[in-house]
Undergrad: 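Dropping the structure in here first, questions after.
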Amino acid sequence: MLEQPGQPFVLTEVDLDEPRPDEVLVRVAAVGICGTDLEFAGFFPTPALLGHEGSGIVEKVGAHVTSVRPGDHVAMSFTSCGTCALCRTGSPAYCRSFDTVNFSGRRPDGSTAVTHEGREVNAHFLGQSSFASHVVAPERAVVRIDPSLDLLRAGPFGCGFQTGAGGVLNVLQPRPGSSIAVFGAGAVGVAAVIAASLSGCEVVAAVDVNPAKLEAARGFGATHTVDSLAGGTAEQLAALAPGGFDFVIDTTGREDVLRTAVEALGPLGRAGVIGIGPSESMSFEWRSILNGRTVTGVIAGSSLPQLFLPQLLELNAKGRFPVEKMITYFPFEQINEAVAAVRSGSVGKAVLTF
């Protein structure tokens, strides 16, 4: 639990409500640590329970739940209202109530399923708050998966891996032979690199400031790497795609990086903006988006998790989406050590296990 914004996580026991008719009780097996968790830990109203890349086993279901039953293995993802026009037409990542149901710390009616020593705890983070041994989640945030799959590996598919892969496969949809530059070679960026390779991109350039991450990106399908610390990033990119890149993805959330990414596009080039990072605003010299260039914001890979997560997990099981190579496991009790490893960039993806 987070007692104060910006402070280390504290291990403690909390009280959890029984699932309501549209909710599910999940015993968590593993949960990934995502940059979004670390970003929100700096300002989310406390006391709070974060975590949103959980996987586990269903223990109880509410009376109205039909998609899962006790004993099912599940991955968890974001939730959505299910009633707005965007949800009803297969775009729950852009739900009109997305912020309310995922980032308010409460259920839609303002209640919380979690209390600590009589205090209400802000939970329900991205439908889960899975930095915990058990989660009460809405049915819409739960995706049943094949029990033969590695449950400890499945958690990060609900956010980081689905976000990077979906940005490529669902949004940009590059044609074979095209070129793409991925800015940021962390877990989300590597998922995008793998997806670009699966799409048949001829040039897949990974851009980062960490040489170790760049070297790892080559093992995941990057055909070229660009070390931004070496300087001349724009010139290095121009040498790889003299006419400009067909596609770029930014996973850093940095204004200077996104500007570089957009300026690296060729005519009709498309930029996907994925990262939540330190910059509160983005700006471009207006000529940089002429010639048909577009900039598109992407949430959760524009995916429908109940369909997309099983597809990604199947690709992983066949060895075609080998993100397990970047995972480092930590016992849940070492959550703060895992957070430190993520912040330092010494691990590709930290996953806590119970």
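Along the sequence shown, the residues carry numbers beginning at 1.
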Undergrad: Would you say H52 and C34 make side-chain contact, with heavy atoms under 4.5 Å?
TA: yes
Undergrad: Taking C-beta and beyond as the side chain, do V298 and T163 meet within less than 4.5 Å on heavy atoms?
TA: no
Undergrad: Would you indicate whether the side-chain heavy atoms of L265 and V248 approach each other to under 4.5 Å?
TA: yes
Undergrad: If a pair satisfies side-chain hydrogen bond (donor to acceptor under 3.5 Å, both in side chains) and one of its residues is in residues 183-208, list it, with sequence neighbours excluded.
TA: none
Undergrad: Looking at R27 and G56, would you say the former's side chain and the latter's main chain have a donor-acceptor pair under 3.5 Å?
TA: no
Undergrad: Answer with yes or no whether the side chains of S344 and S346 bring together a donor and an acceptor at under 3.5 Å.
TA: yes
Undergrad: Using the six-membered ring wherever Trp is involved, compare the ring planes of F354 and F332 and label them parallel, tilted or perpendicular (cut-offs 30° and 60°).
TA: parallel
Undergrad: Locate the shortest heavy-atom distance separating A181 from F245; write the atom from each residue and the value.
TA: N-CD2, 3.7 Å
Undergrad: For the side chain of S91 and the backbone of C87, is there at least one donor-acceptor N/O pair under 3.5 Å apart?
TA: no
Undergrad: Does atom CD of E285 have more than 12 heavy-atom neighbours, drawn from other residues, nucleotides or ligands, at distances under 6.0 Å?
TA: yes
Undergrad: Aromatic ring centroids of F308 and F157 under 6.0 Å?
TA: no
Undergrad: Atom CD1 in I33, atom CG in L38: separation rounded to 0.5 Å?
TA: 7.0 Å
Undergrad: Any non-hydrogen side-chain atom of T79 less than 4.5 Å from a side-chain atom of N102?
TA: yes
Undergrad: Quick check: closest heavy atoms across G345 and N210, and the distance to 0.1 Å?
TA: O-ND2, 3.9 Å
Undergrad: Could you measure the distance from the CD atom of Q162 to the OG atom of S303? Nearest 0.5 Å is fine.
TA: 3.0 Å
Undergrad: Are there over 12 heavy-atom neighbours, none belonging to R106, within less than 6.0 Å of that residue's CZ?
TA: yes
Undergrad: State the CZ-OG1 distance between R119 and T112, to the nearest 0.5 angstrom.
TA: 12.0 Å
Undergrad: Quick one: does any side-chain atom of D22 pair with a main-chain N or O of P138 as donor and acceptor, under 3.5 Å?
TA: no
Undergrad: How far does OG of S178 sit from CD of Q173, to the nearest 0.5 angstrom?
TA: 11.5 Å
Undergrad: Tell me, which pairs form a salt bridge (Lys or Arg N to Asp or Glu O under 4.0 Å) where one or both residues lie in residues 338-348, sequence neighbours left out?
TA: none
Undergrad: Does any non-hydrogen side-chain atom of F44 lie less than 4.5 Å from one of T46?
TA: no
Undergrad: Can you confirm whether the side chains of R259 and S283 place a donor and an acceptor under 3.5 Å from each other?
TA: yes
Undergrad: State whether a side-chain donor-acceptor pair under 3.5 Å links H73 with D146.
TA: no
Undergrad: Quick one about D246 and S179 (side-chain donor to acceptor, distance below 3.5 Å, no hydrogens or angles considered), yes or no?
TA: yes
Undergrad: For F321 versus I194, what's the shortest heavy-atom pair and its separation?
TA: CD1-CG2, 3.4 Å
Undergrad: Are side-chain heavy atoms of L312 and N316 found at a separation under 4.5 Å?
TA: no
Undergrad: Any chance the side chains of E120 and T115 put a donor and an acceptor closer than 3.5 Å?
TA: no
Undergrad: Regarding S279 and R254, is there a side-chain donor-to-acceptor distance under 3.5 Å anywhere?
TA: no
Undergrad: At their closest point, which heavy atom of A185 faces which heavy atom of V190, and how far apart are they?
TA: O-CG2, 3.6 Å
Undergrad: Tell me yes or no: between the side chains of Y94 and S302, is some donor less than 3.5 Å from an acceptor?
TA: yes
Undergrad: Decide yes or no for L86 and R96: does some side-chain heavy atom of the first lie under 4.5 Å from some side-chain heavy atom of the second?
TA: yes
Undergrad: Output, in order, the C-alpha distance, side-chain angles, deciding distance and verdict of salt bridge (Lys or Arg N to Asp or Glu O under 4.0 Å) for E139 and R20.
TA: CA-CA 10 Å; E139 182 182 13; R20 291 181 173 182; over 6 Å; no
Undergrad: When rounded to the nearest 0.5 angstrom, what is the spacing between OG1 in T233 and CG in D227?
TA: 8.0 Å
Undergrad: Would you call the rings of F40 and F103 parallel, tilted or perpendicular, taking 30° and 60° as the class edges?
TA: parallel
Undergrad: Pick one: which of V74, D150, L151, D72 meets side-chain contact (heavy atoms from CB on, under 4.5 Å) with I145?
TA: L151
Undergrad: Find out whether T251 and F183 are in side-chain contact, i.e. whether some heavy atom of one side chain is under 4.5 Å from a heavy atom of the other.
TA: no
Undergrad: Check the surroundings of atom CZ in R218: do more than 12 heavy atoms from other residues, nucleotides or ligands lie under 6.0 Å from it?
TA: yes
Undergrad: Taking all atoms of both residues into account, what is the closest heavy-atom pair of A195 and V168, and its distance?
TA: CB-CB, 3.7 Å
